[in-house]
Amino acid sequence: MFCSRGALSLRVYQLKVLLSLCMVAASSLTIQLIPDCASVGKNVTLSVSGINGNLNSFTWYLGEPSASNQIINYIVSITPPSAPGPKNFSDAIGLPNGSLLITNLKTEYSNTYTVQVQASTPGQASAELTVEKSCDSGGLTPGQIAGIVIGVLVGVALIAAAAYFICKHLNSREVSISPCKQGEASQNLYG
């Protein structure tokens with residue numbers, strides 16, 4: 001029933017590891033590109049959300065996280081808060097909320113960007129940035145296509161319903177008129 005001191009400390013250590021793994025798994029750090037389509041000469045923000053607790057620091061990387069891939073290291077408690085890394089470029093700006101603003105986009109900025117966040121719960125997320133020459137696709141978005149299809153189906157249904165009621169109304173008039181006309185015709189023949 002009683003545990004030795006060594007067994008108890010091992011159990012406590014196992015519990016700490018299990019809880020820290022659960023906290024990392026619960027982290028829902030995400031990156032959203034704003035705007036969705038990044039085009040040459042424009043700006044894009046790699047917006048970080050899902051930071052748990054107070055933000056202490058964050059580091060942006062070009063590709064995989066490593067010291068040689070650092071774009072910017074941002075520590076909230078120091079002045080100035082950001083320090084450039086080996087992969088830093090003049091158009092990359094770290095924002096106080098953990099996001100990365102890239103101004104004056106160039107096609108060579110297309111890459112995978114990774115952020116590591118140190119907060120109450122540490123987290124990491126990556127996003128793929130593809131810089132397009134132009135974001136004007138000229139085509140319709142899937143939502144616009146769905147709206148057109150639904151509109152056409154509703155229009156066809158309304159026309160079919162109107163045709164049905166018109167035909168039903170005309171048929172009911174013919175049925176009520178027909179017996180009278182037949183009776184008049186019979187009287188004319190025999191009368």
Side-chain angles (χ1 to χ4, degrees), residues 3 5-137 139 141-144 146:
C3 295
R5 189 165 181 80
L8 182 61
S9 65
L10 178 63
R11 295 282 182 192
V12 169
Y13 177 75
Q14 289 173 341
L15 182 61
K16 285 181 181 179
V17 169
L18 181 62
L19 288 174
S20 66
L21 288 174
C22 289
M23 288 186 347
V24 169
S27 173
S28 58
L29 196 65
T30 59
I31 301 171
Q32 179 185 3
L33 271 63
I34 302 172
D36 292 332
C37 181
S39 63
V40 173
K42 302 289 184 184
N43 300 341
V44 68
T45 301
L46 283 76
S47 179
V48 177
S49 60
I51 296 173
N52 294 325
N54 293 329
L55 179 62
N56 300 321
S57 68
F58 61 88
T59 305
W60 278 96
Y61 301 91
L62 194 60
E64 292 297 314
S66 72
S68 61
N69 288 341
Q70 274 189 7
I71 299 170
I72 193 165
N73 189 20
Y74 194 105
I75 301 172
V76 175
S77 62
I78 65 170
T79 304
S82 62
K87 297 284 183 171
N88 186 272
F89 49 99
S90 62
D91 296 326
I93 302 164
L95 302 177
N97 66 354
S99 300
L100 182 69
L101 171 65
I102 303 175
T103 61
N104 192 28
L105 287 169
K106 298 170 180 61
T107 54
E108 57 265 23
Y109 293 167
S110 295
N111 210 321
T112 300
Y113 290 81
T114 303
V115 64
Q116 286 184 335
V117 171
Q118 296 301 318
S120 299
T121 303
Q124 176 176 313
S126 295
E128 188 71 29
L129 172 65
T130 303
V131 179
E132 306 286 339
K133 290 188 179 178
S134 174
C135 286
D136 296 330
S137 63
T141 66
Q144 291 170 329

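Note that CD of Glu132 is 7.5 Å distant from OG of Ser110, once rounded to the nearest 0.5 Å. Put simply, CG on Asn73 and CG on Asn88 are 11.0 Å apart, with the number rounded to the nearest 0.5 Å. Between atom CD of residue Gln118 and atom OG1 of residue Thr59 there is a gap of 7.5 Å, rounded to the nearest 0.5 Å. Taking CG from Asn104 and OH from Tyr109, the interatomic distance works out to 6.5 Å, rounded to the nearest 0.5 Å. From Ile72, atom CD1 reaches atom NZ of Lys87 across 16.0 Å, with rounding to the nearest 0.5 Å. Interatomic distance, CD1 of Ile102 versus OH of Tyr113, reported as 4.0 Å (0.5 Å rounding).
The main-chain N or O of Leu101 is never found under 3.5 Å from a side-chain atom of Thr45 such that the two would form a donor-acceptor pair. No donor-acceptor pair closer than 3.5 Å links the side chain of Ser82 to the backbone N or O of Tyr74. A side-chain donor-acceptor contact under 3.5 Å links Asn69 to the backbone of Glu64.
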Q. What's the verdict on side-chain contact (heavy atoms from CB on, under 4.5 Å) for Glu128 and Thr130, showing C-alpha distance, side-chain angles and the deciding distance?
A. CA-CA 6 Å; Glu128 188 71 29; Thr130 303; 4.3 Å; yes
(Q) For Leu46 and Val115: C-alpha separation, side-chain torsions, deciding distance, then whether side-chain contact (heavy atoms from CB on, under 4.5 Å) applies. (A) CA-CA 10 Å; Leu46 283 76; Val115 64; over 6 Å; no
(Q) With side-chain contact (heavy atoms from CB on, under 4.5 Å) as the criterion, how do Ser49 and Gln32 come out once you've worked through the C-alpha distance, each side chain's angles and the decisive distance to 0.1 Å? (A) CA-CA 8 Å; Ser49 60; Gln32 179 185 3; over 6 Å; no
Q: Check the pair Leu29, Ile51 against side-chain contact (heavy atoms from CB on, under 4.5 Å), reporting the backbone distance first and the verdict last.
A: CA-CA 6 Å; Leu29 196 65; Ile51 296 173; 3.6 Å; yes
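Considering every non-hydrogen atom in both Ala127 and Ile31, the closest pair reads CB-CG2, 3.6 Å. Closest heavy-atom contact between Ala119 and Asn52: CB-O, 3.4 Å. Considering every non-hydrogen atom in both Val131 and Ser39, the closest pair reads CG1-C, 4.0 Å. Residue Asp91 comes nearest to Lys106 through the heavy atom pair OD2-NZ, 3.0 Å, listed as atom of the first residue, atom of the second, then distance. Nearest heavy atom pair, residue Ser126 against residue Thr114, reads OG-OG1, 2.8 Å. When all heavy atoms are compared, the tightest approach of Ala92 to Ile71 is CB-CG2, 3.9 Å.
At least one side-chain heavy atom of Val48 sits less than 4.5 Å from a side-chain heavy atom of Ser99. Within the 4.5 Å cutoff, the side chain of Asn97 has no heavy atoms near those of the Leu55 side chain.
The closest side-chain donor-acceptor pair between Thr103 and Asn43, if any, does not fall under 3.5 angstrom.
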